[in-house]
Amino acid sequence: MRVGIAQTCPTFAERERNLRDAVDLLSRDVADLWVLPEFFASGYQFARSEEVRDLAEPVPDGPTVRALESFCQRHACFAGAGLPEAADGVVYNSAVLVGPRGFVSVYRKIHLFGEEKRWFAPGDIPFSVHEAGAARVGVMICFDHFFPESARSLALLGADILAHPANLIIPDLAQRTMTVRALENGVFAATANRVGEESRTGKTLRYTGQSQIVAPDGTALVRLSPDRVEVAVVEVDPATARTKRLTSHNDKLGDRRPEFYRT
Ligand code: ACM
């Protein structure tokens, strides 16, 4: 199957335009599963709680999920992408998985990063894995990369591919951790980061691009530029993520000794 990453540069609060730009970008290539960045349609750097409230959307009945549904239906594909989700009177930093038959699932970011703790409620539902065509896909968001438990949970649930929407600002951090997450769990890891800057609060956030897809042996199949809006698509065989064999005597998941681990 073909897995694609889209590296976007949204303008804060210009949701209609950002959605249109993202759909145009995806139309440059063909994939069975697309991964888009965290908050790809809203922008990331919130300055006031009213902005968070105004840009948050119900899932699945909001404009971002509807736009993704329409794209996935037209192109017979799946997409994993991040958005601020309004639910239960709070806002979550969420990512949806959408397919040709519509909304599949929502994941709410468990490990909030920096100022996100001011604006968002921490995720309140466990990691989950879903069929997406030929692959089983697990979604995690940006800073979740720093916690090996995120990727490990998804691998133990049977994920072949980690869909990882991100808005990364620390150069070459998640690129390294996600390489290890892919290797140690024997899964594909598709990180879609954004580029550009936001300077809305007196602090400038510089997004680092370098979106990447890593194979279960830790090989980077593709890595994008640090500063350009672009896409990449690679052909992957999800079956290669289903054997966890490391040596003739070792299995990446089977050799775990959880009875000796602390949680
Ligand atoms: C991040 O979690 N957006 C760094």
Side-chain angles (χ1 to χ4, degrees), residues 5-13 15 18 22 35-49 51-52 55-57 59 64 79-85 90-97 106-127 138-154 162-182 189-214 223-224 226-227 229:
I5 42 177
Q7 187 163 281
T8 58
C9 187
T11 303
F12 189 84
R15 185 166 53 207
N18 295 332
V35 184
L36 293 100
E38 182 180 15
F39 292 160
F40 78 102
S42 60
Y44 179 81
Q45 194 184 37
F46 294 92
R48 297 193 315 276
S49 49
E51 294 173 345
V52 181
L55 285 163
E57 309 177 30
V59 170
T64 299
L83 78 170
E85 178 198 4
V90 293
V91 180
Y92 296 98
N93 179 342
S94 295
V96 289
L97 183 65
V106 66
Y107 163 70
R108 295 170 174 165
K109 189 176 187 177
I110 289 173
H111 305 100
L112 295 175
F113 180 74
E115 301 268 310
E116 291 172 26
K117 292 187 179 186
R118 291 178 63 189
W119 313 124
F120 302 105
D124 58 349
I125 41 181
F127 289 103
V139 178
M140 52 188 272
I141 302 175
C142 204
F143 191 49
D144 286 329
H145 75 85
F146 205 79
F147 302 86
E149 294 86 351
S150 313
R152 176 53 51 87
S153 299
L154 292 169
L162 307 180
H164 181 218
N167 271 189
L168 298 161
I169 54 171
I170 302 176
D172 205 31
L173 179 62
Q175 285 79 4
R176 287 183 289 149
T177 57
M178 289 305 284
T179 298
V180 177
R181 302 292 167 258
T191 297
N193 190 19
R194 62 163 288 179
V195 294
E197 288 184 4
E198 287 180 313
S199 260
R200 309 189 62 258
T201 62
K203 180 175 169 191
T204 300
L205 298 181
R206 293 190 178 84
Y207 301 101
T208 54
Q210 296 194 293
S211 302
Q212 65 181 18
I213 301 177
V214 182
R223 185 172 290 177
L224 298 182
D227 52 8
V229 171

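As the structure is a computational prediction, the values presented were derived from the model and not from experiment. Ligands are counted one by one from 1 in listed order, and the atoms in each one are counted from 1 as well.
- Every side-chain contact (heavy atoms from CB on, under 4.5 Å) that Glu149 has, sequence neighbours left out, goes to Phe147.
- Not one N or O on the side chain of Glu85 forms a donor-acceptor pair closer than 3.5 Å with the backbone of Val59.
- With respect to the salt-bridge test (charged N to carboxylate O, under 4.0 angstrom), the residues Glu116 and Lys109 qualify.
- A side-chain N or O of Thr208 and one of Asn193 form a donor-acceptor pair less than 3.5 Å apart.
- Residues of the protein with a heavy atom under 4.0 Å from ligand 1 are Glu38, Tyr44, Lys109, Phe113, Glu116, Cys142, Phe143, Asn167, listed by chain and number.
- The side chain to side chain donor-acceptor pair (under 3.5 Å) search around Asp124 returns Tyr92, Arg108, not counting sequence neighbours.
- Shown here are the side-chain contact (heavy atoms from CB on, under 4.5 Å) partners of Ala47, two or more places apart in sequence or in another chain: Glu51, Arg200, Thr201.
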